[in-house]
Structures are given as structure tokens and as C-alpha cells.
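Okay, so here's the structure we're looking at.
The basis for the numbers below is simple: all heavy atoms, side chains too, and nothing from hydrogens, waters or symmetry mates. Labels below follow one simple rule: chain letters A, B, ... track the order of the sequence lines, proteins then strands, and each chain is numbered from 1.
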Number of protein chains: 2
Amino acid sequence: MTESSSESKQIEAFRSFKLVRLLNEDTGTKFMSLLGKIGSQDAIIVAEKTAFNTSPEILAKFQEPSNLSALTMLGQNDIYHWFLASHSEPDNEKRPEIKFTFIYPATETHIKKYSRQSLRMVTETPQLYRELVKPYMESTRVGGRLNWVYNILAHQSEAEKIVFEDTDEHEGFILLPDLKWDRKTLTSLYMMALVHRKDIMSLRDLTKKDVPWLRRVGHKIASAVCEAYPEFESNQIKLYVHYQPSYYHFHIHAVAISHDGGLGQTAGKAFLLGNVISQLESMPNEESSFADIELTYVLGEDSELWQTVFKNL
Amino acid sequence: MTESSSESKQIEAFRSFKLVRLLNEDTGTKFMSLLGKIGSQDAIIVAEKTAFNTSPEILAKFQEPSNLSALTMLGQNDIYHWFLASHSEPDNEKRPEIKFTFIYPATETHIKKYSRQSLRMVTETPQLYRELVKPYMESTRVGGRLNWVYNILAHQSEAEKIVFEDTDEHEGFILLPDLKWDRKTLTSLYMMALVHRKDIMSLRDLTKKDVPWLRRVGHKIASAVCEAYPEFESNQIKLYVHYQPSYYHFHIHAVAISHDGGLGQTAGKAFLLGNVISQLESMPNEESSFADIELTYVLGEDSELWQTVFKNL
């Protein structure tokens with residue numbers, strides 16, 4: 001199958017999506033997720049409005065009548081005026097208004113992930129981790145569920161997106177744009193680094209011995225981002241890991257510090273790499289690890305982990 | 001002047017806006033603010049993309065070709081496909097894509113309010129803390145700058161707002177609504193606890209010895225919030241401290257977990273009380289403290305601390 005016939009097939013599938021219900025929406029970030037059917041299979045459409053194009057030449061012509069149509073006033077109070085308008089960009093350079101992620105076929109896990117959920121704070125003790133959470137994590141790594149990660153690491157998919165690679169089996173990692181990023185808007189730059197080693201499920205597996213490695217990886221990620229996008233200096237890039245992460249192969253997020261990443265960057269989900277490192281350093285001996293300490297974090301009530309472990313505690 | 005002639009006058013002013021510069025943008029919320037001139041006067045345009053229309057009849061026709069044009073695939077991996085598209089709504093019912101706030105004439109205060117504060121990641125070593133940051137903190141505690149806190153602690157102001165108090169001089173604290181909270185909308189509940197002891201400027205002053213006290217305070221805050229607002233269970237309340245805080249008298253934030261608090265809750269600014277406690281616990285001895293470790297956090301370029309300490313490093 002040629003690439004373009006694959007593309008038209010995917011577009012055809014997307015077009016034949018029949019809405020079942022709205023899963024979630026956020027009016028702050030202008031996002032929504034829809035559950036639908038394609039034939040008998042589940043599929044999910046995640047739609048997000050694109051950000052403004054703030055390049056100077058576009059902005060200079062922003063409010064001209066040819067670009068802003070149907071300008072109407074909603075109201076006025078003193079020096080404040082409110083308008084609504086429709087918009088297109090100058091010079092026939094129409095900018096897409098929506099970015100989609102289309103998941104097809106979708107499983108129950110995907111449906112949960114994109115559904116609105118209630119949140120809970122949980123306190124995961126070392127014992128709870130060992131006895132219940134770690135076995136849960138291990139159960140998610142079998143049956144090919146990490147194949148998409150291994151495909152990337154083996155250059156079998158998304159190879160063309162790789163921004164930087166350190167190929168060393170133990171030291172190395174692959175840096176590429178996160179799916180959430182449109183790969184254009186620098187202020188929302190969002191990359192991820194997948195490490196080559198496969199023995200780290202999450203930050204729980206990091207020990208004090210890993211500190212020098214983590215420092216090197218952090219520096220290399222920041223340098224590679226700044227080399228690929230020279231608009232950034234390294235202290236304008238935020239590096240963090242998630243706990244709980246959405247998949248259990250160790251990876252580090254690298255985002256533009258200006259990007260408000262919502263829940264994914266909040267305390268209780270995101271742990272800054274710098275603070276992970278210094279916390280490991282402050283531990284008493286080389287074998288000390290995040291497996292030994294209590295971790296407090298936020299969990300969705302629909303998550304498997306809440307349902308199987310924390311709900312009944 | 002009739003209403004419609006006033007409206008056309010405002011639209012004319014809006015149209016004659018000449019861009020001076022981009023003040024701020026946020027790709028998460030799809031927002032931007034522009035500074036411009038209308039004649040010799042300053043004006044500000046605040047533009048925000050509109051959220052999706054999620055009414056069932058609109059959603060049902062969402063991905064039809066007449067409504068989504070220029071659908072193009074960005075990429076694909078396994079079950080994930082990414083598209084971009086332009087959008088209009090069915091039945092010629094064009095929805096405005098942008099909501100504007102137009103501020104004219106604008107003052108310097110408006111310009112500051114809508115300007116971006118550039119952010120930087122900083123790494124504060126124990127030495128940097130001791131030699132430069134701690135003296136800076138101390139300098140902000142003199143000359144009556146903390147009187148507003150001491151007034152609250154002495155019941156000389158805001159006494160009517162107190163939700164709970166533990167009056168013990170060493171153990172105790174006062175819990176009251178944060179000024180940012182409207183005291184009505186439960187999903188954005190935002191309280192703060194000011195401790196009675198005056199010897200802790202920030203989390204840097206916490207030692208391993210403080211762990212039992214911090215645990216008691218945390219439990220008491222969560223209980224008091226849930227008693228005052230029985231809609232909440234204690235694991236729906238998030239407790240955290242800021243580093244850097246905006247004033248140097250130790251205080252703990254207590255917010256509804258559903259509340260997206262923006263920058264104030266992101267990793268690199270907010271440290272969950274639970275993780276502060278467990279980090280202290282993992283330190284080697286009773287005198288160990290946050291003063292001994294490296295802290296990575298986010299700082300605004302306009303902040304005094306950036307200007308006086310970090311900018312020139």
C-alpha cells in the first residue's frame with residue numbers, strides 16, 4: 001500500500017466515524033474528546049483548537065477586515081469592549097483551526113483515558129508500592145502493550161521524527177516531539193525522551209547510583225532541544241517525569257517553560273528531573289531509591305490503579 | 001449617539017489598531033494579548049479562541065466533509081493518527097472563532113497585566129541559598145512587610161474569615177480562604193494555612209525533626225476543610241507549599257483537587273506537602289533539612305530574586 005493510499009484510507013475511516021457520545025471537554029484549553037463507532041469498532045476523536053499564529057507579519061494584519069470577518073460587539077463597559085469574530089489568515093495562507101488525534105481501533109483503556117474523571121490524592125507507601133502497585137505496573141508491560149515504544153527505540157516507527165539520539169544501550173535515549181505538540185508552535189514545544197534501557201519502569205526504580213546518568217541525560221536533552229530549536233536557552237526548558245506515568249518505560253518530558261501543560265505539569269503528577277536528582281542525592285546510600293519512600297500523587301478515579309488498588313484501601 | 005453608531009465607532013477604533021508588539025500568548029488556552037496604538041493612545045487587544053460547540057446536533061455532523069475541510073494527515077503510529085483541518089459548522093451557522101476583549105484607552109497598569117512574564121528554570125544549590133537567597137529572604141521580612149500576616153495571626157485583621165484555628169504557639173495555624181477564591185465556587189476552593197510559629201521562612205527551614213509536626217498540621221488542615229465544606233473528602237484536597245513563596249512566613253495552600261490553578265500548582269513552583277514530608281523522612285539524620293539540597297524551580301524574570309541573584313550568575 002502506498003503512503004498516500006494509506007492516508008486516504010485513514011481519512012475515509014475518520015470520515016465514517018459515527019458519534020456515540022462526548023467523553024470529555026475543556027473550555028479552558030478548547031479541547032474535546034468524542035467516542036464513536038467505525039463499523040462495529042470503537043474509535044476516539046480528540047480535537048483541540050490550534051493556538052494563534054503570532055508571527056509578526058501575521059499579527060500586523062490580524063484585525064484587517066479581510067482576515068477578521070463578521071466582527072460584532074458583545075458589550076462595553078468603560079474602556080472595555082467585547083467582540084466576536086470569524087478569522088482567516090492573510091495571503092491565502094489558511095491555518096488549520098483544529099488538530100486531531102484519531103485513535104482507531106480504540107480499547108476500553110483509551111476510552112477511559114479520554115473520559116472526564118474525578119481525581120483523588122493518594123499516598124503510596126513503599127509497602128503498597130511493593131505489594132500492589134509494582135505488580136500492577138509489571139502486568140501492563142506484557143502482551144505487546146509497550147511495542148509502540150520498542151518500535152520507536154528500534155527505528156521501526158517514527159524514525160523520521162527523531163530530533164536527537166544517543167545510541168548507547170545503557171546511557172542512551174531517543175528524543176522526539178510528543179504527540180501532543182503540533183511541531184510548529186515554539187511556545188508550546190513539547191518533546192519526550194525515551195531511554196534505551198528497559199529496566200526502569202518509573203521513577204520508583206531510580207537509585208542514588210543513577211544520579212550521574214540522570215544528570216548526563218538531563219544535560220543532553222536540554223542541549224539537543226536548544227540545538228534543534230535555537231530560540232531556546234537551556235533554562236527555558238523544563239524537564240520532568242510523571243508519577244504515575246501513562247506507560248511504564250522510563251521517559252522524560254521536555255517542554256517550553258512557557259507552556260501551561262495543565263494537569264500533566266502539576267505537582268502531584270509531574271516531578272522535575274532536577275528535584276528527582278537532588279532527592280536521590282539526599283538519600284543515605286547508593287542503593288537508596290524512590291522505592292523506599294512514600295509518594296503522594298493525584299490519581300483519576302477511572303484509572304485502573306485507583307480501581308484495582310486504592311479504591312478499597 | 002445611538003447604540004449602533006456607538007458600536008460602529010468602536011469597531012472602527014478596533015480596526016484602526018496598529019500593532020506595536022505581542023504582550024503575551026498562551027498556547028495551552030489559545031490566548032494572546034497585543035499592544036497597539038490608535039492614533040497616539042495605547043490600546044490592548046486580548047484574543048482567545050472559542051471553545052468547541054458540544055451540542056449533540058453539532059457534534060453528530062462534526063467530521064462531515066462540508067464542515068471539516070482541508071483534512072490532512074500529519075502522521076500515524078499503530079492505532080494513532082494525527083490530522084489537521086479547517087472547520088466551519090453545519091447549516092451555515094458559522095460560529096465565531098475568536099472572542100476579543102478590547103481595552104482602549106489602556107494605561108501602563110493594563111499593559112503590565114497583559115504582558116508575559118518570561119520564566120526561567122533555576123537551580124539553587126545549598127551554597128547559593130546560604131550566601132544569596134537566604135539573605136534576600138531575610139531582607140523581605142523587615143520593615144513591616146509581614147505585618148499583614150502578623151495581623152491575621154493576632155486576630156487584628158480578617159478574623160471574621162477564619163475557618164479553623166489551632167491556637168498553640170508552636171503547633172498551631174490559622175486556616176482561611178485565599179484572596180483568589182470567590183468563597184462560593186466549590187470546584188475552585190482555595191484556602192491557606194498560616195502557621196503561628198515565626199521561625200520558618202520557607203521549606204528550606206524545614207528539618208527532619210519537623211516531620212511529626214508537619215503530618216499533624218496536614219491532617220488538621222484537611223479535616224478542617226472537610227468539616228467546613230462537607231462536599232469534600234480529605235483525599236479531594238491538595239496540600240502544597242510554594243518555593244519560592246510570595247512571602248516568607250511559612251504557609252500551606254489547600255485547594256480542591258479539581259481546580260486547575262495554573263502556574264501556582266505546577267511542578268517547579270508547588271511542592272506537595274506529602275512529598276515534602278517523605279523527602280525529609282528519607283534524609284539521613286534529624287538535623288538534615290531542605291537547606292542541604294539542591295532545588296530546581298521556576299522564576300519570573302521580573303521577580304526581584306531573578307533580578308538581584310540569578311540573572312548575573
(request) Identify which of A/Leu119, A/Thr72, A/Ile79, A/Leu71 forms the greatest number of heavy-atom pairs closer than 4.5 Å to chain B. (result) A/Ile79

(request) Under the ring-ring contact (aromatic ring centres under 6.0 Å, His included) rule, collect the residues that match up with B/Tyr104, sequence neighbours excluded. (result) B/Phe102

(message) Which atoms of B/Ala47 are under 4.5 Å from chain A, going by heavy atoms: the side chain, the backbone, both sets, or neither?
(response) both

(message) At a 4.5 Å cut-off on heavy atoms, which part of B/Ala70 comes close to chain A: side chain, backbone, both, or neither?
(response) neither

(message) What I want to check is whether the side chains of A/His110 and B/Tyr80 have a donor and an acceptor closer together than 3.5 Å.
(response) yes

(request) Return the option, out of A/Leu74, A/Asn151, A/Thr54, A/Ile293, with the maximum number of heavy-atom pairs under 4.5 Å with chain B. (result) A/Thr54

(message) Minimum heavy-atom separation for A/Val46 and A/Ile44, please, with both atom names.
(response) CG2-CG2, 3.9 Å

(request) Could you check which of A/Arg21, A/Gln76, A/Arg15, A/Glu64 has the highest count of heavy-atom pairs closer than 4.5 Å to chain B? (result) A/Arg15

(message) Looking only at heavy atoms and a cut-off of under 4.5 Å, which of A/Arg183, A/Glu48, A/Lys18 has the most pairs with chain B?
(response) A/Glu48

(message) Can you see whether A/Phe310 has A/Arg120 sitting over its ring - NZ or CZ less than 6.0 Å from the centre and within 45° of the normal?
(response) no

(request) For the pair A/Phe100 and A/Phe14, name the ring-plane relationship: parallel under 30°, tilted 30 to 60°, perpendicular over 60°. (result) perpendicular

(request) Please state whether the side chain, the backbone, both or neither of A/Ile11 comes within less than 4.5 Å of a heavy atom of chain B. (result) both

(request) Kindly indicate whether a cation-pi arrangement holds for B/Lys49 with A/Phe52, taking the cut-offs as under 6.0 Å to the six-membered ring centre and within 45° of the axis. (result) yes

(request) Please find out if less than 6.0 Å separates the ring center of A/Phe62 from that of B/Phe17. (result) no

(request) Between chain B and each of A/Glu281, A/Lys269, A/Lys238, A/Met283, count heavy-atom pairs under 4.5 Å; write down the option with the most. (result) A/Lys238

(message) Does any backbone or side-chain atom of A/Ser118 lie under 4.5 Å from a heavy atom of chain B? Answer side chain, backbone, both or neither.
(response) neither

(message) Please rank A/Pro56, A/Pro65, A/Gly36 by heavy-atom pairs under 4.5 Å with chain B and give me the top one.
(response) A/Pro65

(request) Verify the ring-centre separation between A/Tyr243 and A/Phe290: is it less than 6.0 angstrom? (result) no

(message) If I measure from the heavy atoms of chain B, does A/Glu25 come under 4.5 Å with its side chain, its backbone, both, or neither?
(response) side chain

(request) Against chain A, label B/Phe31 side chain, backbone, both or neither, depending on which of its atoms sit under 4.5 Å from a heavy atom there. (result) backbone

(request) Test the A/Lys161-B/Trp82 pair against the cation-pi criterion, namely NZ or CZ under 6.0 angstrom from the six-membered ring centroid and within 45° of the ring axis. (result) yes

(message) Which one wins on heavy-atom pair count under 4.5 Å against chain A: B/Lys99, B/Arg116, B/Gln279, B/Glu233?
(response) B/Gln279

(request) Against chain A, label B/Ser282 side chain, backbone, both or neither, depending on which of its atoms sit under 4.5 Å from a heavy atom there. (result) both

(message) Counting heavy-atom pairs closer than 4.5 Å to chain A, which one of B/Thr101, B/Asn275, B/Asp292 comes out on top?
(response) B/Asn275

